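Remarks on the structure that follows.
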Amino acid sequence: MHVRGVTVEELMAQRLAKLDQLRERGVDPYPPRAARSHTAAAVTAVVEALPEGQAEAEGLTVSVAGRVVARRDMGKATFVDLLDGTGRIQVLLRQNQLAQGQYEDLRLVDLGDFFGASGVPIRTRTGQPTVAATSWTMLAKALHAPPEKYHGLADAELRQRRRYLDLMANEETRRTFTIRSRVVSGIRRFLDARGFLEVETPVLQEAAGGAAARPFITHYNALDEERFLRISLELHLKRLVVGGFERVYELGRIFRNEGLGMKYNPEFTMLETYEAYADYQGVARMVEEMVSTVAGETLGTTVCGFRGHRIDLAPPWRRVTLHDALREYAQLDLDQFATRESLAAELARRGLAFPDYAGWGKLVDEAMSHYVEPNLIQPTFLLDYPVELSPLAKRKPGNPRLVERFEAFIGGFEAGNAYTELNDPVDQRARFEEQLRLRGAGDDEAELMDEDFLLAIEHGMPPTGGFGMGIDRLLMVLTGQSTIREVILFPQHKSVKE
RNA sequence: GGGCCCGUAGCUCAGCUGGAUAGAGCAGUGGACUUUUAAUCCAUUGGUCCAGGGUUCGAAUCCCUGCGGGCCUACCA
């Protein structure tokens, strides 16, 4: 961002001068209210409903309001395009249709101003729905010009830091965030209709658990204690299942102290659901139904274009075990590399890098990320993960090295994660202890022992299926945006230094 | 974190093998035009060429450092 040049101040001074001129004429440039009878869409509908050959909604007077986004001065007639929440509407102002002086005062109207006009809906010679104005009012004077009318605002940083400019200039941005809002409310409707209870749990926590990630740390002055911003919703939601809430969900912001990237923003919106008496297979059926239903409601289709791919979210989604996927995409048979040492040697032979502290499970994860994940373009449930990677998931009957877990992949990246929850408090304690051992070995993302959570499940937790999904990533697919920053209104940026 | 690229008017961009007063379109200002819609036409204002150093007779242009951004890449959803 640069220092304001002289010209910005000159442009602003011109607008301030117009402000004064309006006041001199007894006009309040910031009136407290505006009488709007019709939106842009409503006027368009009126005009389109006119019978063939009739160009004017005779006897009807409408009032519209919006931001001036274009202006075409024709001498004794001027066209002004207004943008409101429903779209654009054209206003035609003619000298002989306005009160004395009102036409001349249009010179005090600039692009970016909020402007109201009353008149008759007409169809122009070219068929454009238009309000033929008999009066106009200033609703709010803008002191800065809006972005360039044809190219709009292209600079990605400006678009994100000053999203209001992006929204006023780019229809695509308005569409993306409208979809975002509707997807979130659609998810709530879907879950509410299935008897889920929406709850809120603490953002400030004494220990941040439930996921493998570094937390943000903050200080609580009143107690003179450290607090951590949550990195997942899981451990509190399970406490509620212990308490007898059989179906709960939370849709909220979580925070991970990590880098920025195409798929990463340090704060993002997570959905987690917990359902007593369900297992991960039942959760998978719910997830594919939820995502396809919400896509259908918001987009009108389950088919999305994403990074050049055509993705169909309609169920059933493909199901494949992690073992089979590695055989398919990596020609790697985990049964032949059942020890940490043999698998490490094989991956090293293939040229994959991994940290020294990586156990067998972490190595499997590395292989999966490298060979399998990029290939999972169509929605896919990858099933049955190594127990080492899943300290909160229940073991698979008959195979204690695996847990009942899936990750959902769409468009080549992970969009969701679910498991049959571990409700055996003795096994859970042992898993936490193993995590502590990993932490000691250098894995600073390993889970911390959470005695309060253990105490909760020691009181008995029913068999439960749990699920988590990054809403932002889902929205990337649904809106066709290739970076997470384009689906977050105000993504994180380095601070601006003056 | 590593590699590559970018930063010029309020906005979108040219100019960059060093050469004199830095350009265009849009926006603004003045003028013509009563159905235009990226309106058109005539005239015109506007620049710490990201910042700071350096090389040079001369730097928007070359070099270094910093700041900001983009793409690729490694790790976290």
Side-chain angles (χ1 to χ4, degrees), chain A residues 1-15 17-18 55 69-81 88 90-97 103 107 110-112 122-130 132 143-161 165 169 211-215 231-232 254 256-266 268-272 352-355 358 362 365-366 369-370 373 407-409 413-417 443-445 468-474 476 482-485 493-498:
Chain A
M1 308 285 248
H2 6 89
V3 183
R4 270 184 188 155
V6 178
T7 47
V8 187
E9 268 142 31
E10 280 173 2
L11 288 172
M12 194 166 163
Q14 287 172 352
R15 287 177 178 239
K18 290 174 180 172
V69 291
R71 174 187 173 135
R72 293 173 294 283
D73 197 314
M74 304 287 300
K76 295 188 178 64
T78 294
F79 290 93
V80 167
D81 289 350
R88 276 194 180 221
Q90 176 171 273
V91 177
L92 170 60
L93 300 117
R94 286 167 294 187
Q95 189 175 42
N96 62 2
Q97 301 295 312
Y103 190 81
R107 62 166 51 243
D110 287 305
L111 295 184
I122 63 165
R123 197 187 341 250
T124 63
R125 195 162 64 188
T126 55
Q128 180 76 35
T130 298
L143 300 183
H144 296 290
E148 204 256 4
K149 67 177 177 184
Y150 183 58
H151 300 90
L153 189 66
D155 182 82
E157 185 193 1
L158 261 186
R159 286 183 33 238
Q160 290 162 15
R161 286 190 193 270
L165 294 177
R214 280 176 289 269
I231 58 173
S232 85
I254 67 174
R256 297 189 180 177
N257 206 339
E258 276 143 9
L260 299 162
M262 301 279 280
K263 298 183 293 183
Y264 301 98
N265 193 62
F268 62 100
T269 301
M270 180 77 114
L271 168 70
E272 291 196 25
L352 259 64
F354 47 83
K362 180 96 177 161
D365 192 44
E366 294 286 345
S369 298
H370 186 261
E373 182 167 343
E407 288 191 303
F409 292 86
F413 59 72
E414 184 193 339
N417 181 27
D443 183 353
D444 58 359
E445 293 180 346
M469 179 170 70
I471 295 296
D472 312 271
R473 288 190 177 176
L474 174 67
M476 288 169 65
S482 59
T483 78
I484 198 167
R485 320 185 111 201
H493 282 273
K494 261 188 148 171
S495 57
V496 180
K497 295 189 180 65
E498 293 287 347

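The sequence lines fix the lettering, A, B, ..., with proteins before strands; numbering per chain opens at 1. This is a predicted model, so every value here is computed, not measured.
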If we take the [atom1] atom in both [N] and [M], what is their distance in whole Å?
N: B:rG2; M: B:rC50; atom1: P; value: 25 Å
N: B:rC41; M: B:rA22; atom1: C1'; value: 27 Å
N: B:rG25; M: B:rA59; atom1: C1'; value: 27 Å
N: B:rG1; M: B:rC64; atom1: C1'; value: 22 Å
N: B:rG15; M: B:rG31; atom1: C1'; value: 32 Å
N: B:rA27; M: B:rC11; atom1: C1'; value: 7 Å
N: B:rC6; M: B:rA51; atom1: C1'; value: 16 Å
N: B:rC63; M: B:rC5; atom1: P; value: 11 Å

Protein-nucleotide distance ([X], atom [atom1]; [N], atom [atom2]), rounded to Å:
X: A:Arg159; N: B:rC11; atom1: CZ; atom2: P; value: 15 Å
X: A:Met12; N: B:rG10; atom1: CE; atom2: P; value: 14 Å
X: A:Asn265; N: B:rA77; atom1: CG; atom2: C1'; value: 12 Å
X: A:Met74; N: B:rC41; atom1: CE; atom2: P; value: 13 Å
X: A:Arg71; N: B:rC26; atom1: CZ; atom2: P; value: 16 Å
X: A:Lys362; N: B:rC75; atom1: NZ; atom2: C1'; value: 8 Å
X: A:Tyr103; N: B:rC33; atom1: OH; atom2: C1'; value: 9 Å
X: A:Leu158; N: B:rG10; atom1: CG; atom2: C1'; value: 11 Å

[X] side chain: which of [options] is closest?
X: A:Leu11; options: B:rG10, B:rU34, B:rU35; value: B:rG10
X: A:Gln14; options: B:rG69, B:rG28, B:rU35; value: B:rG28
X: A:Arg94; options: B:rG10, B:rU36, B:rU34; value: B:rU34
X: A:Arg107; options: B:rG31, B:rA77, B:rG68; value: B:rG31
X: A:Arg473; options: B:rG25, B:rU29, B:rA77; value: B:rA77
X: A:Leu92; options: B:rU36, B:rU35, B:rC11; value: B:rU35
X: A:Arg256; options: B:rU35, B:rA77, B:rU29; value: B:rA77
X: A:Arg125; options: B:rA77, B:rU35, B:rU34; value: B:rU35
X: A:Glu148; options: B:rG70, B:rG25, B:rG31; value: B:rG25

Locate the shortest heavy-atom distance separating [X] from [Y]; write the atom from each residue and the value.
X: A:Glu366; Y: A:Leu352; value: O-CD2, 4.1 Å
X: A:Met476; Y: A:Ser482; value: CE-O, 3.4 Å
X: A:Met12; Y: A:His144; value: SD-CE1, 3.5 Å

A:Val91 vs A:Phe79 side-chain heavy atoms within contact, under 4.5 Å:
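Side-chain contact under 4.5 Å: no.
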
Should [N] form a Watson-Crick or G-U wobble pair with both distances under 3.5 Å, which nucleotide is its partner?
N: B:rG66; answer: B:rC50
N: B:rC71; answer: B:rG3
N: B:rG58; answer: none
N: B:rU36; answer: none
N: B:rU44; answer: B:rG28

When you check the gap from the basic side-chain N to the acidic O, do A:Asp81 and A:Arg72 get nearer than 4.0 Å?
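Yes.
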
Suppose we call a contact any N or O donor and acceptor under 3.5 Å apart; does that hold for the side chain of A:Gln90 and the base of B:rU36?
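When only heavy-atom distances are counted, A:Gln90 does reach the base of B:rU36 through a donor-acceptor pair under 3.5 Å.
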
Side-chain donor or acceptor of A:Asn96 under 3.5 Å from a matching atom on the base of B:rU34?
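Between B:rU34 and A:Asn96, which were checked side chain against base, a qualifying N/O pair under 3.5 Å is present.
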
With a 4.0 Å cutoff (strictly under), does any side-chain N or O of A:Arg485 reach OP1 or OP2 of B:rG70?
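Answer yes for this pair, as a side-chain N or O of A:Arg485 is under 4.0 Å from OP1 or OP2.
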
Checking the side chain of [X] only, and the main-chain atoms of [Y] only, is there a donor and an acceptor separated by less than 3.5 Å?
X: A:Arg256; Y: A:Ile231; result: yes
X: A:Arg71; Y: A:Leu111; result: no
X: A:Asn417; Y: A:Gly468; result: no

Report yes or no: is the ring centroid of A:Phe268 under 5.5 Å from the six-membered base ring centroid of B:rA77, with the two planes under 30 degrees?
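Stacking is present between B:rA77 and A:Phe268, given that their ring centres fall under 5.5 Å apart and the planes under 30°.
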
Can you work out whether A:Lys18 or A:Pro147 has the more 5'-proximal nearest nucleotide on RNA chain B?
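Final value for this comparison: A:Pro147.
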
Touch check for [X], heavy atoms < 4.0 angstrom, all strands: base, sugar-phosphate only, or nothing?
X: A:Asp73; answer: base
X: A:Glu366; answer: sugar-phosphate
X: A:Ala212; answer: sugar-phosphate
X: A:Gly470; answer: nothing

